[in-house]
Participant: 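Quick one: this structure, given as structure tokens, is what I'll be asking you about.
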Amino acid sequence: MTTQDQPTASQTSAPDEPVLRYTPALAEQIELKWQDIWEERGTFHAADPTGGTLTDGNGQPAGDRQPFFVMDMFPYPSGAGLHVGHPLGYIATDVTGRFRRMRGDNVLHALGYDAFGLPAEQYAVQTGQHPRITTEANIANMRRQLRRLGLAHDPRRSFATTDSDYVRWTQWIFLQIFNAWYDPEATRPDGGVGKARPISELIDEFASGERTLPQDVPGVTAESQWADLSPSTRRQIIDSYRLAYTSESPVNWCPGLGTVLANEEVTADGKSERGNFPVFTKSLRQWNMRITAYADRLADDLDLIDWPDKVVSMQRHWIGRSEGAEVAFTIAGSGDQLTVFTTRPDTLFGATFMVVSPEHPLLEQVPDVWPDGTRDAWTGGYETPGEAVRQYQRDAAAKTSVERQADAGKKTGVFTGYLANNPVDGRQIPVFTADYVLMGYGTGAIMAVPGGDTRDYEFATQFELPVIYTVAPPEGFEGGAWTGDGLVINSASDTLDLNGMDVVAAKSAMNDWLEEQGLGTRTISYRLRDWLFSRQRYWGEPFPIVYDETDMPIALPESALPVDLPDVPDYSPRTFEPDDVDSAPEPPLGRNEDWVNVTLDLGDGPRVYRRDTNTMPNWAGSCWYYLRYLDPKNGDAAVSEELERYWMGPKHNDTAGVAGGVDLYVGGVEHAVLHLLYARFWHKVLYDLGHVSSREPFHKLFNQGYIQAYAYTDDRGAYVPADEVEEITAADGSVTYVWQGQEVNREYGKMGKSLKNVVTPDDMYDSYGADTFRLYEMSMGPLDLSRPWETRAVVGSQRFLQRLWRNIVDETTGELVITDEPADAKTRKLLHRTIADVTVEMEAMRPNTAIARLIALNNHLTSLDRVPREAAEPLVLMVSPFAPHVAEELWERLGHDGSLAHEPFPGYDEAELVEDAVTCIFQVQGKVRGRAEVSPSATDEELTELALADPGVQRALGDAPVRKIIVRAPKLVNVVAG
RNA sequence: GCCCCCAUAGCCCAAUUGGCAGAGGCAGCCGACUUAAAAUCGGUCCAGUGUGGGUUCGAGUCCCACUGGGGGCACCA
């Protein structure tokens with residue numbers, strides 16, 4: 001560590017250097033000085049509106065300034081520390097926040113820590129320390145690294161998800177969700193239909209008879225009255241409605257991590273997103289969140305927010321809403337119904353067989369013998385349908401996700417022995433079971449139309465099943481399934497004729513017919529599944545839930561919160577061989593019997609209960625942390641309703657819109673369907689229950705790109721230190737990379753210890769200072785683009801700040817070298833032009849182009865004998881969001897008291913933007929042939945005359961007649977020859 | 001396999017949305033300062049926009065096809 005008294009003897013400072021040259025050592029002095037001042041003065045304290053408890057640095061409430069809430073995605077306090085890529089987003093939000101503050105907004109910017117979860121726990125396990133100790137040490141280190149960056153955060157609003165006081169409210173929100181149900185008919189304040197309601201209202205409705213009891217719970221009949229039901233049957237009914245519920249169902253079990261995972265945490269190839277371990281399907285009793293109840297709103301409300309198209313489309317895709325119909329087929333013989341979901345009811349006449357998933361309830365019983373007409377290919381070589389189906393079910397169940405992935409596309413299956421009647425024409429068709437049909441989607445059963453669906457076509461080919469086309473393929477069609485548009489064919493019966501219609505019309509006509517006949521209904525299906533919410537790990541929030549002898553969950557009262565993590569003999573998860581299918585989860589919290597068994601008085605006297613030993617996934621803490629920034633110390637509520645409305649409510653400022661939410665949320669795209677979907681879901685539950693006024697948590701989302709880096713390998717493939725590699729340009733322009741005399745290969749990718757290419761913010765502070773580092777990151781390119789880090793290019797940003805410094809301060813004496821004389825006309829015009837351009841670029845979050853303008857202005861000022869104050873002061877103010885420390889220092893030296901953080905951003909005079917003369921270009925056939933300086937107000941006629949008289953134009957025109965003249969005054973005239 | 005994004009100078013990137021391809025930075029080269037070097041300052045070189053078509057008076061910008069790179073989804077009926 002360096003201190004202010006002993007500035008880093010930097011490699012660039014020489015003994016005879018002027019004392020006040022803007023060197024890394026001076027930069028560090030300035031930076032540490034202003035960081036202390038900001039902290040002492042509370043410069044970035046965000047004020048509550050009048051009536052709140054938090055004031056600004058002067059002890060004042062917000063007044064009539066517009067609230068602006070800017071936020072970064074919650075960081076994990078990683079044990080590895082930061083590299084230069086991590087702060088990119090933090091600098092971007094800081095720049096935006098500082099800019100908005102200068103534009104007069106009441107800016108709230110804070111940073112907390114997402115400290116629960118697998119990474120923190122794994123780091124603790126590796127180092128053999130309790131996760132709380134390592135987590136707190138990591139947070140302290142990260143705070144230090146970030147403080148040195150000079151971020152304008154309100155430190156009073158920082159916290160970690162692991163703080164007991166925060167855990168308490170995470171658990172409180174869980175209880176809100178647990179104690180709520182989704183009423184699809186209720187009207188919301190925003191006018192929409194469907195909302196979460198307190199579970200007590202459901203009980204009231206059952207008790208009063210207003211709502212009929214569900215019949216699918218054992219012990220409940222059509223005649224049952226609520227009052228007559230046993231307490232445990234009532235609880236069973238109620239529990240089946242809760243938004244947080246336990247269920248025994250197939251889940252993603254990851255032995256390598258020792259925990260179950262949500263669908264969103266499993267990659268397409270059946271591995272855990274974290275750790276890349278195999279994931280198996282296993283039926284276990286687990287907590288779920290009924291996010292599917294919100295599928296429509298999560299999809300629809302994407303229209304209300306300002307997010308990158310990419311993320312919107314990823315969320316839409318993940319929710320996977322598809323409109324279609326459920327159609328009932330009749331099983332021949334028994335007369336039972338087999339309902340399928342289809343998005344193409346128009347192709348019903350082309351259904352030549354059906355497929356049910358191997359887990360489908362229809363298969364609990366199958367016919368004893370193969371029916372007449374059974375082909376050999378269908379039976380799998382078995383004597384009876386029963387044998388064939390059982391064996392197929394066993395094979396399918398034994399498949400891991402990885403194997404399923406590897407087999408995707410291959411069609412396997414077997415005939416079930418059932419025949420069904422196609423409802424449109426009564427034709428008998430065979431029912432197969434095959435694992436390409438998934439139990440979890442639609443009804444777990446499909447009608448197969450090989451003429452119109454590629455998967456069905458493949459299956460039909462393999463099992464010798466007939467193909468009927470119901471949409472006329474185009475000419476030159478080469479066989480297979482035709483999935484495109486066209487006119488309907490082969491689709492008529494006595495009561496229905498779709499022939500000749502297009503697909504859209506046929507769908508609609510078929511749906512109408514099905515509904516008239518009572519054979520089907522229009523339906524919407526979703527890809528989204530409920531959110532698996534429990535983890536068998538130590539480092540997470542315990543569930544505020546206990547169990548009695550019925551094994552049904554009981555919510556702890558709010559007064560029992562927080563439920564803190566107990567000490568356990570060993571907090572490492574019980575993990576297994578990654579491919580150990582037969583293993584089962586073993587939560588570490590179960591290792592503390594004294595904690596698990598607890599005596600409580602929950603209303604009927606002290607009794608012994610068992611605590612839930614699962615913990616919440618780390619997404620829980622990040623689902624609502626933005627709310628806590630608004631009201632970090634509130635002991636009575638997660639967030640006060642007034643503060644939420646002030647900072648996040650609908651139309652809380654000019655850009656908030658009807659949905660409200662955080663004004664700017666910056667983070668990586670990797671959370672597109674995890675954190676961002678879960679947080680939206682929780683927020684909507686809180687909205688329904690009246691705790692928040694905004695419909696969406698994040699109004700504007702911005703995904704910053706990644707800073708990547710080159711890495712170098714020698715001929716054995718081993719990585720060599722990237723900072724020791726030299727780039728050699730040969731005479732022919734070819735480039736080679738050399739390390740210790742040997743040629744090495746260059747790769748491009750992440751920054752990481754194992755790649756030996758890490759550059760840290762600390763390195764940058766030492767060699768250049770925080771301001772230069774910030775400026776460089778912001779000038780590298782557009783914020784949303786990934787790009788390579790290049791340490792040797794950082795010097796460009798340093799030169800800019802040095803020139804700026806020298807334009808204002810004498811390096812030797814420290815005296816001001818500016819003049820109070822007015823600026824010359826050219827300088828003034830450039831200044832106003834720069835202010836205008838920078839304002840536009842800043843508003844559009846294009847720091848790279850804003851900085852380019854600032855450099856251009858500064859370069860111009862460098863060419864003057866003395867820089868006029870008139871230009872120096874606005875320049876310093878404009879630079880301040882990027883390089884706040886040196887800007888503050890210059891501002892002070894320019895004679896101002898106090899921080900420039902709250903100074904108004906410079907304004908410009910429209911009159912100064914008008915140019916005296918512009919260059920008009922003269923084209924012939926679109927090619928430039930001449931030009932002239934003209935007045936900006938020149939008329940079309942004047943310009944035409946000038947153009948036609950131009951020698952270049954005349955030469956290009958030759959003898960050709962002029963057909964047409966296009967004038968875009970005052971910049972362009974294009975003469976078109978005939 | 002399907003969908004989305006990107007491609008401009010040796011490198012990172014601009015280009016008022018269809019109107020002179022260059023704002024800024026890095027690197028290179030030349031010069032000034034210096035005993036010398038670094039730093040600094042001044043100057044300068046560098047592409048016709050991945051490829052092929054099309055629309056237009058005019059295309060980096062719009063349309064089509066392709067190539068390369070990045071990302072998402074992947075038996076979702």
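What's counted below: heavy atoms across the whole structure, side chains too, no hydrogens, waters or symmetry copies. Per chain, numbering begins at 1; letters A, B, ... match sequence-line order.
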Participant: In terms of side-chain geometry, is the basic nitrogen of A:Glu811 or A:Arg806 positioned less than 4.0 Å from the acidic oxygen of its partner?
Facilitator: yes

Participant: Taking only the side-chain nitrogens and oxygens of A:Asn848, find out if one of them lies under 4.0 Å from OP1 or OP2 of B:G24.
Facilitator: no

Participant: Between the side chains of A:Thr483 and A:Asp453, is a donor N or O closer than 3.5 angstrom to an acceptor N or O?
Facilitator: no

Participant: Find the partner of B:C73: check Watson-Crick (N1-N3 plus N6-O4 or O6-N4) and G-U wobble (N1-O2, O6-N3) distances, both under 3.5 Å, and reply none if neither fits.
Facilitator: B:G1

Participant: Quick one: label A:Thr919 by what it contacts on the DNA or RNA (base, sugar-phosphate, nothing), any heavy atom closer than 4.0 Å.
Facilitator: base

Participant: Need to verify one output field. Residue with the more 5' nearest nucleotide on RNA chain B, A:Leu785 or A:Ala852?
Facilitator: A:Leu785

Participant: Using a heavy-atom cut-off of under 4.0 Å over every strand shown, decide if A:Ser313 touches base, sugar-phosphate, or nothing.
Facilitator: nothing

Participant: Closer to the 5' end of RNA chain B via nearest nucleotide, is it A:Gln923 or A:Gly926?
Facilitator: A:Gln923

Participant: Does the structure show a Watson-Crick or G-U wobble partner for B:U40, both distances under 3.5 Å? Name it, or say none.
Facilitator: B:A32

Participant: Would you say the side-chain atoms of A:Ser322 and A:Tyr526 include a donor-acceptor pair closer than 3.5 Å?
Facilitator: no

Participant: C1' atom, B:A65 versus B:G18: distance in rounded Å?
Facilitator: 22 Å

Participant: Provide, to the nearest angstrom, the distance between the CZ atom belonging to A:Phe800 and the P atom belonging to B:U40.
Facilitator: 15 Å

Participant: For B:U17, is chi within 90° of 0 (syn) or not (anti)?
Facilitator: syn

Participant: When rounded to the nearest Å, what value does the distance between C1' atoms of B:G54 and B:G10 take?
Facilitator: 33 Å

Participant: I'd like the P distance from B:U56 over to B:U44, given in whole Å.
Facilitator: 42 Å

Participant: Take atom CE of A:Met780 and atom P of B:A23, then tell me their distance rounded to the nearest Å.
Facilitator: 23 Å

Participant: So, is the end of the A:Lys411 side chain (NZ or CZ) under 6.0 Å from the ring centre of A:Tyr436 and within 45° of the ring's axis?
Facilitator: yes

Participant: Quick test of your reading of the model: are A:Asp950 and A:Arg929 salt-bridged, counting only N-O distances below 4.0 Å?
Facilitator: no

Participant: Taking atom C1' in both B:A14 and B:C33, what distance in whole Å separates the two?
Facilitator: 33 Å

Participant: Hey, do the aromatic rings of A:Phe432 and A:Phe459 have their centres closer than 6.0 Å?
Facilitator: yes

Participant: With a 4.0 Å cut-off on heavy atoms, is A:Gln925 in touch with a base, just the backbone sugar-phosphate, or nothing at all?
Facilitator: sugar-phosphate

Participant: Base, sugar-phosphate alone, or nothing: which one does A:Asp309 contact when heavy atoms must sit under 4.0 Å apart?
Facilitator: nothing

Participant: Please report, rounded to the nearest Å, how far the P atom of B:C12 is from the CD1 atom of A:Ile851.
Facilitator: 18 Å

Participant: Given atom CZ of A:Arg803 and atom P of B:G25, what is their separation to the nearest angstrom?
Facilitator: 7 Å

Participant: Hey, does A:Ile966 reach any base, or is it just sugar-phosphate, or nothing, if we go heavy atoms under 4.0 Å?
Facilitator: base

Participant: Over how many whole Å does the gap from A:Arg321 atom CZ to B:C73 atom P extend?
Facilitator: 20 Å

Participant: How far does the P atom of B:A21 sit from the matching atom of B:U40, given to the nearest Å?
Facilitator: 35 Å

Participant: A:Gln798 has an atom CD; how far is it from atom C1' of B:U40, in whole Å?
Facilitator: 12 Å

Participant: Could you tell me the Watson-Crick or G-U partner of B:C13, where both distances fall under 3.5 Å? Say none if there is no partner.
Facilitator: B:G22

Participant: Classify A:Lys971 by what it touches in the nucleic acid, base, sugar-phosphate, or nothing, heavy-atom distance under 4.0 Å.
Facilitator: base

Participant: Would you mind classifying the nucleic acid contact of A:Ser779 as base, sugar-phosphate or nothing, using non-hydrogen atoms under 4.0 angstrom?
Facilitator: nothing

Participant: Whole angstrom is fine here: how far is it from CZ in A:Arg968 over to P in B:C20?
Facilitator: 13 Å

Participant: Would you indicate what A:Arg527 reaches in the nucleic acid, counting non-hydrogen atoms under 4.0 angstrom: base, sugar-phosphate, or nothing?
Facilitator: base

Participant: Indicate whether the side chain of A:Asp530 and that of A:Thr292 have a donor and an acceptor atom separated by less than 3.5 Å.
Facilitator: yes

Participant: Using the P atom as the point on both nucleotides, what is the distance between B:C41 and B:G50, in whole Å?
Facilitator: 34 Å

Participant: Under 4.0 Å, counting only non-hydrogen atoms across every strand here, what does A:Val437 touch: a base, just sugar-phosphate, or nothing?
Facilitator: base

Participant: With a non-hydrogen cut-off below 4.0 angstrom, is A:Arg529 in contact with a base, only sugar-phosphate, or nothing?
Facilitator: base

Participant: Which part of the nucleic acid, if any, lies within reach of A:Ser322 when heavy atoms closer than 4.0 Å are counted: base, sugar-phosphate only, or nothing?
Facilitator: sugar-phosphate

Participant: Give the rounded distance in Å between these two atoms: CG of A:Leu438 and P of B:C75.
Facilitator: 7 Å

Participant: For B:A7, give the paired nucleotide (Watson-Crick: N1-N3 plus N6-O4 or O6-N4; G-U: N1-O2 and O6-N3; both under 3.5 Å), or none.
Facilitator: B:U67

Participant: For B:C66 versus B:C3, give the span between their P atoms, rounded off to a whole number of Å.
Facilitator: 11 Å

Participant: Taking the C1' atom of each, how far is B:C6 from B:U49, in whole Å?
Facilitator: 14 Å

Participant: I'd like to know if A:Lys411 reaches the base of B:C75 with its side chain such that a donor and an acceptor end up less than 3.5 angstrom apart.
Facilitator: yes

